[in-house]
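Each remark here refers to the structure printed beneath this line.
Model, not experiment: these values are computed from the prediction. All residue numbers refer to positions in the sequence shown, counting from 1.
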Amino acid sequence: LTTGQTYYLRMQPFGTSNGNGNFSLCAVNGGAPVPANDNIAGAINIPGNNSWYPQCSTYSGDCSLSSNSAESTTYTGLDNWYKFTAVSTAVSIEMNSTGLNNAIQLVYESSPGVYTSVDSENTNGATGGVERMNTSGLTVGTVYYISFGDAFNTTGGAFTFCVKQLLLPSCNTPTALPMSNCATFKASWTGANSYTYTLAPLPTFVGGGSVTAPGSISLSNPLLNVVPGNSYSVTIAATYSSLLNSNGGTDATIVVTNTNACSLTAVAHSSIEVRASQRCAAPATLLKTSYMRTDPFVCGATNYTYEFQPVTDCAASNTAGLSFEYTNTSRIIALNFPGTATTPSGQTIQAQTYYQVRVRPNFGTGGVNQGQWGNPQVIFVGGTVLETEQALSEMAAEADRMNEESMFEALVYPNPSNGEVVNLNLENVTSENIFVRITDATGRVVYNNRYAVEGALNTVVTFAQPLANGLYTVEFIVDDQRITERMMIQK
């Protein structure tokens with residue numbers, strides 16, 4: 001060889017190896033062995049395709065023949081250099097040895113030839129053992145350099161390490177077509193403990209919100225405030241809260257957020273209107289104590305607003321007074337509602353009167369965003385105008401008792417589901433003793449809870465462990481009554 005001449009050495013696996021493995025290199029220079037990665041310029045690249053959390057591809061190193069590099073500014077011991085390209089904003093780095101006071105330092109090239117420290121770790125402080133460094137604030141696409149070695153000693157040794165990038169989450173659910181509010185939405189799995197989904201309305205649209213879950217979420221969750229017919233950008237943040245420090249305890253909770261949001265459009269809801277069997281043209285006569293039913297159920301609706309317009313006949317030929325509105329938690333409504341809760345106040349249902357009725361679902365916690373009014377239908381409220389409320393109640397009591405169970409309407413959706421999350425809806429209830437029990441085909445209870453609601457139960461159940469494929473039974477127990485629905489898990 002010629003003194004002063006630069007030579008390049010290429011090393012690669014022989015045969016069919018995939019190229020990801022451990023190797024060591026030393027060169028004899030004037031009789032002194034020098035590791036190839038003794039300085040930052042010779043940093044060995046760590047393949048990124050196998051270095052993502054919680055996966056961990058282990059590599060071996062040895063700093064016995066190294067020196068203390070100038071770029072390793074935090075520690076004075078011998079070290080070796082490695083590098084990787086960030087695919088996320090956070091990383092977990094682990095070093096293990098028997099004879100070193102393990103020290104890790106992470107730097108990047110802030111300007112040509114200038115290296116700035118990002119983080120360092122020497123928490124353990126003893127010889128041997130494990131050192132772990134959990135770091136956030138990285139820039140995707142930037143090359144980062146890692147110094148592995150001894151904190152202060154000039155005697156080096158062998159070590160192993162792995163670099164686990166905390167991956168950015170992304171939308172796993174296809175969003176090219178409009179999605180129903182009954183649908184579930186899922187982030188790509190990254191090994192995180194939980195995912196926070198934030199929906200922001202696109203220009204000219206309304207609604208939006210945020211919810212955190214270990215996996216899938218339901219778009220009908222009131223916290224998301226998804227209004228049918230509106231479009232949203234979806235940002236997902238992954239929270240890693242089980243990262244351990246060098247002493248085995250919980251070290252840090254790191255959140256990585258994917259700023260490249262996806263977008264989704266919620267499909268418009270169906271027109272909700274008075275059930276055909278209760279319309280004036282049926283013909284059907286309701287009493288002030290009757291339960292008026294409307295169809296269909298609208299996923300995600302947290303309450304419903306009813307507009308009553310007095311009219312002269314079944315054809316609604318002319319109006320016969322001022323219209324008024326009443327908001328109810330259920331799409332099943334008792335017509336003897338108090339006038340103090342109407343708009344304008346003081347309006348109640350009157351006997352021997354025709355009403356043209358429109359219904360509108362509302363969305364979000366408290367129903368802050370309005371859906372679309374359904375098609376108007378006319379009802380007729382019978383009875384005698386001289387009858388008292390007590391007399392009307394007594395008249396309807398027997399019929400109500402015979403039909404009591406049918407007042408409750410239960411719905412489980414989506415059905416089939418993927419076994420991660422399911423929506424439970426039970427309408428027209430007021431009880432502090434509502435029990436929900438879900439059992440599998442063998443009778444094993446997979447979910448059991450008690451609820452106290454007023455008007456309707458509308459809840460999202462996220463299972464701790466996804467349910468296996470099969471048929472499940474969902475029981476709603478209201479006081480001494482039991483309603484059963486079937487739920488299919490199909491992945």
- Any side-chain donor near an acceptor of the partner, Glu94 and Ser92, under 3.5 Å: no
- Message: Once rounded to the nearest 0.5 Å, what's the spacing between atom OG1 of Thr353 and atom NZ of Lys288?
- Response: 9.0 Å
- Task: Quick one: list whatever passes salt bridge (Lys or Arg N to Asp or Glu O under 4.0 Å) with Arg358, sequence neighbours left out.
- Result: Glu307
- Contact check, side chains of Val226 and Leu199, non-hydrogen atoms, under 4.5 Å: yes
- Query: So, do Ser231 and Leu264 sit near enough that their side-chain heavy atoms are less than 4.5 Å apart?
  - Reply: no
- Applying side-chain hydrogen bond (donor to acceptor under 3.5 Å, both in side chains), run through Glu109 and Ser111 and close with a yes or a no. CA-CA 5 Å; Glu109 192 172 15; Ser111 60; over 6 Å; no
- Does the side chain of Ser110 pick up a donor-acceptor pair with the side chain of Thr116 at under 3.5 Å? yes
- Message: Taking salt bridge (Lys or Arg N to Asp or Glu O under 4.0 Å) as the cut-off, I'd like each qualifying pair that reaches into residues 194-211, sequence neighbours left out, listed once.
- Response: none
- Query: Once you round to the nearest 0.5 Å, how far does CG of Leu224 lie from OG of Ser210?
  - Reply: 7.5 Å
- Item | Asn328-Ser330 side chain donor-acceptor pair, cut-off 3.5 Å | no
- Task: Classify the ring geometry between Phe161 and Tyr82 as parallel (under 30°), tilted (30 to 60°) or perpendicular (over 60°).
- Result: tilted
- Message: Aromatic contact between Phe435 and Tyr451, with the criterion being ring centroids under 6.0 Å apart: yes or no?
- Response: no
- Student check: side-chain heavy atoms of Tyr354 and Cys314 closer than 4.5 Å: yes
- Can we call the ring centroids of Tyr326 and Tyr306 under 6.0 Å apart? no
Without placing hydrogens or testing angles, list every side-chain donor-acceptor pair under 3.5 Å for residues 138-146, not counting sequence neighbours.
residue	atom	partner	partner atom	Å
Thr142	OG1	Thr139	O	3.4
Tyr144	OH	Thr139	N	2.8

- Message: Can you confirm whether Phe463 sits close enough to Gln465 that some side-chain heavy atom of one is under 4.5 Å from a side-chain heavy atom of the other?
- Response: no
- Given side-chain hydrogen bond (donor to acceptor under 3.5 Å, both in side chains), test Gln105 with Thr74 step by step and report yes or no. CA-CA 7 Å; Gln105 184 173 5; Thr74 305; 3.2 Å; yes
- Query: Is any side-chain heavy atom of Thr305 less than 4.5 Å from a side-chain heavy atom of Gln370?
  - Reply: no
- Query: If you look only at pairs with a residue in residues 179-192, which of them pass as a side chain to side chain donor-acceptor pair (under 3.5 Å), with sequence neighbours excluded?
  - Reply: Ser170-Ser188, Lys186-Glu420, Thr190-Tyr195, Thr190-Tyr240
- Task: Report yes if the side chains of Glu131 and Thr123 come closer than 4.5 Å at any heavy-atom pair, otherwise no.
- Result: yes
- Task: Give a yes or no answer on whether the side chain of Glu273 reaches the backbone of Pro296 with a donor-acceptor pair at less than 3.5 Å.
- Result: no
Donor-acceptor contacts, no H, no angles, side chain residues 467-477, under 3.5 Å, sequence neighbours left out:
residue	atom	partner	partner atom	Å
Asn469	OD1	Lys491	N	3.1
Tyr472	OH	Ala468	N	3.3
Tyr472	OH	Ala468	O	2.9
Thr473	OG1	Arg486	NH1	2.4
Glu475	OE1	Arg437	NE	2.9
Glu475	OE1	Arg437	NH2	3.0
Glu475	OE2	Arg482	NH1	2.9

- Message: Checking side-chain polar atoms at under 3.5 Å, does Thr239 have a donor or acceptor matched by the opposite partner on Asn193?
- Response: no
- Item | Rounded distance (nearest 0.5 Å) linking atom OG1 of Thr343 with atom CD of Glu325 | 6.5 Å
- Any side-chain donor-acceptor pair under 3.5 Å between Thr294 and Arg331? no
- Without swapping roles, check the side chain of His269 against the backbone of Cys299 for a donor-acceptor pair under 3.5 Å. no
- Note on the structure: When rounded to the nearest 0.5 Å, the distance separating OG of Ser120 from CD1 of Ile104 is 9.5 Å
- Task: Output all residues satisfying salt bridge (Lys or Arg N to Asp or Glu O under 4.0 Å) with Asp313, sequence neighbours left out; order by chain, then residue number.
- Result: none
- Message: Does any part of the side chain of Tyr232, heavy atoms only, come nearer than 4.5 Å to the side chain of Phe205, both counted from C-beta?
- Response: no
